[in-house]
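This report refers to the structure that appears directly beneath it.
Indexing begins at 1, ligand by ligand and atom by atom, following the structure's order. Everything numeric in this text was worked out from a predicted model, so none of it was measured.
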Amino acid sequence: MREGSLEAPTRHPLDWQNPEFYDQAKVENELGRVFDICHGCRRCVNLCTAFPTLFDLVDASATMEVDGVAKQDYWKVVDQCYLCDMCYMTKCPYVPPHPWNVDFPHLMLRAKAIKFRKGIRLRDRLLSSTDALGKLAAIPVVAQTVNAVNKNAVARAALQSVLGVHKDRELPPYTSERFRSNFAESRSFPVKDGKHAPGKAAIFSTCYVNYNEPGMGHDLLALLEHNEVPYAVVEKEACCGMPKFELGDLEAVDRLKRINIPVLAKYAREGYAILTPVPSCTLMFKQELPLLYPDDARTLEVRDAMFDPFEYFVLRRKDGLLKTDFKHPLGKVSYHIPCHSRVQNMGQKTREMLEAIPGTAVTTVERCAGHDGTWGVKSEYFANSMKIGRPVFRQMAEPHPDYLASDCPIAARHIRQGMGAEAKAAEKAHPLSLLRKAYGI
Ligand code: SF4
Ligand code: SF4
């Protein structure tokens, strides 16, 4: 058997509607097989806490091999995985088409799907219901109350003991000025399709932009307008499904997909580029839904029309259709590229765009910050999430930046929290906001 695969990695569809997918004995056998390969390899030891948990279990067992680890302890490894995909993408030489067929994150997903069917905590159900939670928390007065509670130490201690949301985790504020109720309509520009990207855009705003940081969405629209790209905010959207996917709740993912895909597929067919400003949501449409529904034509149409916003801007620039009339230098920017952007396999498009702004020095940090969507919020994982992020906090602080940026707004908040006093002099700003600032619009 050769050591690594020379072919490009491929990903197999997820056979999630087959009852065998949920067969615990079969999954435990597969966990044992893959854990044994990982134990012999150990390349991923410093990526997250899932691998150290596994290797500690092996090293402490009577045989010091995977056969000495009790099967019920396998699930401790599963709990530490937050599906960032980095082991698959950046380390593993045994991913398909290698005959060992190691897809560690998707094996973890399968195990999580089994766990989900056995029942999960109310906290996990709530945190992953980003749309329902957002709708409720963004109601005027409720928004102010939720934001006040989030900042109150006594209330946070109660929230920790009742719901298991760590009291020290800085949570994003909710707004009653929802993006989808307040966005500016597009001006009518002629559609200029380029060789690499369409000349009109459909916006899937995401729960986070709609309820937490609408400014990112407004910035995206302002950038499109400045570059004379007509846009439409899609008339109907539900959560992309990533928080439910990470929990293993694949039936909920299916329900959400049935709402989103018909609407988005219509835009794809009409020749729009579909843009989502949050990398995890983009990834859901680009990768995870197509692997769950490999034969669904509409899902594949949406996949092919989906762009990360900076991927789109860089392609428009390549087509000679992006303005470069930047008015303001940005100075020093510490930029973190989140795992779910890296997994999109598109290169470092945000860095490329920011570096095109005169008077801007970008330090790029390409390492997992350890938050994930909801994982780092939970009381039992908060400390590990801060530990995983430590090298990122340090690298982001090193250049004494003017701005801290990450494509993932949740990672950016986590990084600023982890940097502590070192973040004080720097302004946290999403790359879309930085680009808008540079244009002076
Ligand atoms: S997917 Fe991410 S969190 Fe999960 S085991 Fe791989 S590197 Fe660790
Ligand atoms: S996932 Fe792959 S690279 Fe990582 S420890 Fe396992 S076998 Fe090694």
Side-chain angles (χ1 to χ4, degrees), residues 1-7 9-12 14 27 30-59 65-66 69 73-113 115 242-243 245-248 279-280 283-284 287-288 291 337-345 366-378 380-392 408 410-411 414:
M1 191 68 67
R2 62 176 191 276
E3 162 62 6
S5 194
L6 297 175
E7 291 90 339
T10 59
R11 231 150 179 191
H12 296 310
L14 286 153
V27 171
E30 180 62 1
L31 286 168
R33 182 188 79 85
V34 169
F35 286 174
D36 197 41
I37 297 170
C38 293
H39 159 52
C41 161
R42 301 206 175 201
R43 277 179 179 82
C44 291
V45 68
N46 62 354
L47 277 187
C48 62
T49 43
F51 291 99
T53 302
L54 168 63
F55 303 144
D56 286 350
L57 285 168
V58 172
D59 296 344
E65 298 291 340
V66 173
V69 178
D73 284 343
Y74 288 3
W75 299 89
K76 294 180 181 163
V77 180
V78 175
D79 287 340
Q80 293 295 327
C81 171
Y82 41 82
L83 300 179
C84 72
D85 264 0
M86 279 300 101
C87 50
Y88 184 95
M89 288 302 298
T90 66
K91 294 272 186 200
C92 192
Y94 309 121
V95 298
H98 190 280
W100 286 357
N101 190 25
V102 175
D103 185 337
F104 200 93
H106 277 177
L107 179 57
M108 294 297 110
L109 171 73
R110 190 175 168 196
K112 283 173 191 287
K115 249 189 115 172
M242 185 58 98
F245 181 82
E246 289 175 343
L247 208 55
S280 299
L283 184 69
M284 193 67 194
Q287 176 180 280
E288 306 300 2
L291 288 172
I337 174 163
C339 302
H340 283 176
S341 292
R342 292 169 72 188
V343 176
Q344 288 177 44
N345 258 334
E366 197 182 7
R367 198 183 167 111
C368 180
H371 188 291
D372 182 61
T374 57
W375 191 79
V377 166
K378 299 174 185 175
E380 66 272 35
Y381 306 126
F382 173 76
N384 276 350
S385 130
M386 298 308 278
K387 185 171 145 197
I388 294 166
R390 224 169 275 147
V392 174
C408 173
I410 297 172
H414 167 63

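In summary, of the residues considered (Val34, Val102, Asn101), a side-chain contact (heavy atoms from CB on, under 4.5 Å) with Tyr94 occurs for Val102 alone. Screening Arg342, Lys91, Arg11 for a salt bridge (Lys or Arg N to Asp or Glu O under 4.0 Å) with Asp85, the sole residue that qualifies is Arg11.
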*asked:* One pair to check against side chain to side chain contact (heavy atoms under 4.5 Å, CB included): Val343 and Met86. What are the steps and the verdict?
replied: CA-CA 7 Å; Val343 176; Met86 279 300 101; 3.7 Å; yes
*Given side chain to side chain contact (heavy atoms under 4.5 Å, CB included), test Arg42 with Val58 step by step and report yes or no.*
CA-CA 12 Å; Arg42 301 206 175 201; Val58 172; 4.1 Å; yes
*Kindly determine whether Lys115 and Leu247 satisfy side chain to side chain contact (heavy atoms under 4.5 Å, CB included), including the steps that lead there.*
CA-CA 9 Å; Lys115 249 189 115 172; Leu247 208 55; over 6 Å; no
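Within the 4.5 Å cutoff, the side chain of His12 has no heavy atoms near those of the His106 side chain. Side chains of Phe104 and Ile37 form no contact here, defined as non-hydrogen atoms less than 4.5 Å apart. Between Cys87 and Pro105, some side-chain heavy-atom pair lies under the 4.5 Å cut-off.
Less than 4.0 angstrom separates some heavy atom of Pro105 from each of these atoms of ligand 1: 1 (S). If you number the atoms of ligand 1 from 1 as listed, the ones under 4.0 Å from a heavy atom of Phe104 come out as 5 (S). Close approach of ligand 1 to Cys48 (heavy-atom distance below 4.0 Å) involves ligand atoms 3 (S), 5 (S), 7 (S), 8 (Fe).
Ranking the protein heavy atoms by distance from atom 1 (S) of ligand 1 puts Asp85 N, 3.2 Å first. Atom 4 (Fe) of ligand 1 has its closest protein heavy atom at Cys81 SG, 2.4 Å. Of all protein heavy atoms, the one lying nearest to atom 2 (Fe) of ligand 1 is Cys84 SG, 2.4 Å. In terms of protein heavy-atom proximity, atom 3 (S) of ligand 1 is closest to Tyr82 N, 3.4 Å.
Heavy atoms of Tyr88 stay at 4.0 angstrom or farther from ligand 1.
Between the NZ atom of Lys112 and the CZ atom of Phe245 there is a distance of 11.0 Å, given to the nearest 0.5 Å.
Take a cut-off of 2.8 Å around atom 8 (Fe) of ligand 2: the protein N, O or S atoms inside it are Cys41 SG.
A donor-acceptor pair is defined here as one N or O able to donate and one able to accept, closer than 3.5 Å; no such pair exists between the side chain of Arg110 and the backbone of Leu14.
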